[in-house]
Amino acid sequence: YETEGHRFESCLARVDGEPRASPHPGDAAIINGMTRVIAAICAAVLGVIAASSMATAVAAPAIPWELVDVRPHDPRAFTQGLVAHRGELLESTGDCCPQGTGQSSIRRVDPATGRVLAIRYLPAPVWAEGVTVLRGVAWQLTWFDGVAYRVSPNSLRRVATLRYPREGWGITTQGGRLVASDGTARLRWLRARDLRVTRTVVVRDGGRPVDRLNELELIGGLIWANVWPGNRIALIRPRDGAVRGWLDLSGLRSRIAPG
């Protein structure tokens, strides 16, 4: 999970050498259930990072993980982005024609029960993608519609529509900047004021580009990105795009109902 201005980092809190403030109390409650799973992989991640002398041509190792909790969720919601904000979950869902049958949305969700507390639909045929919160403002990407939305995370009202000249996939934040993926191996850092690109990196594992990077989160100084449409999450070093480890979540497939 990601929180406004903070990341849940547990024992990874100083991996990037920067001190971290405590998260919002409500966000801490949401991510409390993640403590053990982060701790379970913490030693492995630190071991990967410590092995910085390894040649870049060596592929990153798999990191063990443990399922510690299951929460209810609307089965009709095709989740594209998810972020913890002030004790709730802010969720972006994608659905439109011709691929889908309904409308994309942005919604506030009770993390304990999965109940939708508020929802605002996007006009068809917009397909919504990733969402994050930076300095009290929510940012929601669209897949191929050429725009990004600045949104009030409380009212879900659209505050502004900005031109976005590429596909929108995942989005997170780092150091006061937005970080976005576009379905390729490239990550872009964006200035929030106008979405101008300030830097880019190509993500590589063992020297090979990692394509189709999707949803993004920043945890412990590393960017976590799932690779669509597979079951793996890459743990990426922001400064150079090197993959430092992989989480293979194939074991969760058996818990997903058909259809």
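Predicted, not measured: the structure shown is a model, and the values here were computed from it.
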Residue pair Val133, Leu90: steps toward the side-chain contact (heavy atoms from CB on, under 4.5 Å) verdict: CA-CA 9 Å; Val133 177; Leu90 193 64; 3.9 Å; yes

Pair Asp74 + Arg107, salt bridge at N-O below 4.0 Å: yes

Close side-chain approach of Leu190 and Trp139, heavy atoms under 4.5 Å: no

Salt bridge flag under 4.0 Å for residues Asp240 and Arg237: yes

Test item: side-chain donor near acceptor, Asp248 and Trp65, under 3.5 Å: no

Side chains of Glu217 and Ile223 in contact at under 4.5 Å (non-hydrogen atoms): no

side-chain contact (heavy atoms from CB on, under 4.5 Å) between Thr172 and Arg177, intermediate numbers included: CA-CA 9 Å; Thr172 187; Arg177 291 283 195 263; over 6 Å; no

Arg232-Asn226 side chain donor-acceptor pair, cut-off 3.5 Å: no

Leu89 with Val116, same ILVMFWY side-chain cluster at under 4.5 Å: no

Gly81 backbone acceptor or donor facing Thr79 side chain under 3.5 Å: no

Any side-chain donor near an acceptor of the partner, Ser152 and Asn154, under 3.5 Å: no

Rounded distance [0.5 Å steps], CD in Glu91 versus CZ in Arg108: 13.0 Å

Verdict with supporting geometry, Leu117 and Glu88, side-chain contact (heavy atoms from CB on, under 4.5 Å): CA-CA 9 Å; Leu117 304 173; Glu88 299 174 353; 3.4 Å; yes

Distance-minimising heavy-atom pair for Ile171 and Leu141: CB-CD1, 3.9 Å

For residues 144-151, which side-chain N or O atoms pair as donor and acceptor with protein atoms under 3.5 Å away, sequence neighbours left out?
| residue | atom | partner | partner atom | Å |
| --- | --- | --- | --- | --- |
| Asp145 | OD2 | Trp127 | N | 3.1 |

Side-chain heavy-atom pair Arg255, Val70 within 4.5 angstrom cut-off: yes

Thr198 OG1 to Arg191 CZ distance, which is reported to the nearest 0.5 Å: 8.5 Å

With Tyr164 via ring-ring contact (aromatic ring centres under 6.0 Å, His included) - residues at least two apart: none

Residue pair Leu162 / Ala160: nearest heavy atoms and the distance that separates them: CD1-CB, 3.9 Å

Beyond-backbone contact of Arg188 with Val179, side-chain heavy atoms, under 4.5 angstrom: no

Interatomic distance, Ile219 atom CD1 to Trp224 atom CH2 [nearest 0.5 angstrom]: 4.5 Å

Exam field: side chain Gln140 to backbone Val131, donor-acceptor pair closer than 3.5 Å: no

Closest contact, heavy atoms only, Val227 versus Asp211: CG1-O, 3.5 Å

Trp169-Glu215 side chain donor-acceptor pair, cut-off 3.5 Å: no

Any donor-acceptor N or O pair under 3.5 Å, side chains Thr93, Ser105: yes

Gln80 and Ser92 side chains, donor-acceptor separation under 3.5 Å: no

Test log, rule side-chain contact (heavy atoms from CB on, under 4.5 Å), inputs Arg204 and Val210: CA-CA 5 Å; Arg204 302 178 187 275; Val210 178; 5.7 Å; no

Cluster link Leu252 to Leu235, ILVMFWY, side chain under 4.5 Å: yes

Flag, side chain of Arg71 to backbone of Pro111, donor-acceptor distance under 3.5 Å: yes

Straight-line distance of Trp246 CH2 to Ile233 CD1, nearest 0.5 Å: 10.0 Å

More than 12 heavy atoms from other groups under 6.0 Å of CZ on Arg208: no

Sequence-distant partners of Ala112, side-chain contact (heavy atoms from CB on, under 4.5 Å), two or more places apart: Asp110

Shortest non-hydrogen separation from Leu187 to Ser181 and the atoms involved: CD2-CB, 3.9 Å

Verify same cluster id: Trp143, Phe78 (apolar side-chain graph, 4.5 Å): yes

Nearest-0.5 Å distance, CZ of residue Arg239 to CD of residue Gln174: 12.0 Å

Euclidean distance, Arg120 CZ relative to Gln103 CD, rounded to 0.5 Å: 12.5 Å

Same cluster (ILVMFWY, side-chain, under 4.5 Å), Val137 and Val159: no

Distance-minimising heavy-atom pair for Val126 and Leu122: CG1-CD2, 3.6 Å

Shortest non-hydrogen separation from Ala225 to Ile236 and the atoms involved: CB-CD1, 3.8 Å

Cluster overlap Ile256 with Leu249, hydrophobic side-chain contacts below 4.5 Å: no

Any donor-acceptor N/O pair, Ser104 side chain to Ala128 backbone, under 3.5 Å: yes

